[in-house]
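See structure below.
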Amino acid sequence: MSSSVNGDADVVVGRIEPCRVVELPEIVDARGSLCVVESGKEIDFDVKRAYYMFGMPPGTRRGGHGHRRLRQLIIAVHGRFEVKVDDGFSTRTFVLDHPRLGLYMTPMVWRDMVDFTPGTVGLWLVSEPYDESDYYRDYDEFLRDARSGA
């Protein structure tokens, strides 16, 4: 298993709370492995929505947005991809490449998911039901609000 962070390991991204890699509890026996995510333990929110992505062709870029309130845990259930995060002041790239690692994403962070390997399946566990008004789709608007403390 490997996980890496590109760039300066001391860079903190997320003004409300830093984004971080969470190692999920793994139970291993002769039948294989099982990972667990529990509210109040690995994440500090109740999961109100889950979705997953698969079948991304080479060169696919996903994300390209930020959230005002939403928190999420992103897991590469199979395969590998990178998550580039930006809080308007600092940027960092996280590599998700093992199903027992999740990236905890906080509000007011722009994200781009890139470099999906063939067969990748990504899982998102999120704190809120879908609400278009929570999204920043315009990077300049996001930067304005992020830098003003909105």
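Counting heavy atoms from C-beta outward, Y130 and E132 have side chains that approach closer than 4.5 Å.
The closest side-chain donor-acceptor pair between Q72 and R49, if any, does not fall under 3.5 angstrom. Side-chain polar atoms of Y104 and R71 form a donor-acceptor pair below 3.5 angstrom. Side chains of E17 and T106: a donor-acceptor N/O pair is absent below 3.5 angstrom, by distance only.
Under the 30°/60° scheme for interplanar angles, the aromatic rings of Y139 and W110 are found to stand perpendicular.
Smallest separation of non-hydrogen atoms from V13 and T91: CG2-C, 3.8 Å. The heavy-atom pair separating I74 from F81 by the smallest distance is CG2-CZ, 3.7 Å. The two residues A76 and L96 have their closest heavy-atom pair at CB-O, 3.7 Å. The minimum heavy-atom distance linking E38 with E42 is given by the pair N-OE1, 2.7 Å. Considering all non-hydrogen atoms of both residues, V47 and S39 come closest at N-OG, 4.0 Å. Of all heavy-atom pairs between K48 and S127, the closest is CD-O, 3.2 Å.
Every pair passing salt bridge (charged side-chain N to carboxylate O under 4.0 Å, His left out) that includes a residue from residues 55-64 is listed here, sequence neighbours excluded: R61-D112.
Between D131 and R69 there is a salt bridge, since a side-chain N of the basic residue sits under 4.0 Å from a carboxylate O of the acidic one. Electrostatic pairing of R68 and D134 does not count as a salt bridge here, judged by no charged N lying under 4.0 Å from a carboxylate O.
Within 6.0 Å of CZ on R137 lie more than 12 heavy atoms contributed by other residues, nucleotides or ligands. Annotation for Y52: atom OH does not count as buried by contact number, only 12 or fewer foreign heavy atoms lying within 6.0 Å. For CG of D46, the number of neighbouring non-hydrogen atoms (other residues, nucleotides, ligands) closer than 6.0 Å is 12 at most.
Follow the hydrophobic side-chain contacts under 4.5 Å out from M105 and you reach V21 in the same cluster. Hydrophobic clustering of Ile, Leu, Val, Met, Phe, Trp and Tyr side chains at less than 4.5 Å, counting indirect connections, keeps I75 apart from V85. There is no path of hydrophobic side-chain contacts, each under 4.5 Å, that joins L24 to V83. In terms of hydrophobic clustering, with Ile, Leu, Val, Met, Phe, Trp and Tyr side chains grouped at heavy-atom distances under 4.5 Å, F54 and V114 are assigned to different clusters. One hydrophobic cluster holds both V109 and F94 under the rule that ILVMFWY side chains link at heavy-atom gaps under 4.5 Å.
In summary, the aromatic rings of H65 and Y136 are positioned with their centroids too far apart to meet the 6.0 Å limit.
Looking at residues two or more places apart in sequence or on another chain, you find no ring pair (Phe, Tyr, Trp, His ring centres under 6.0 Å) involving F45.
In terms of modelled atom types and a separation under 3.5 Å, the side chain of T120 and the main chain of F116 share no donor-acceptor contact.
Note that the OG atom of S33 and the CZ atom of R100 stand 9.0 Å from one another [nearest 0.5 Å].
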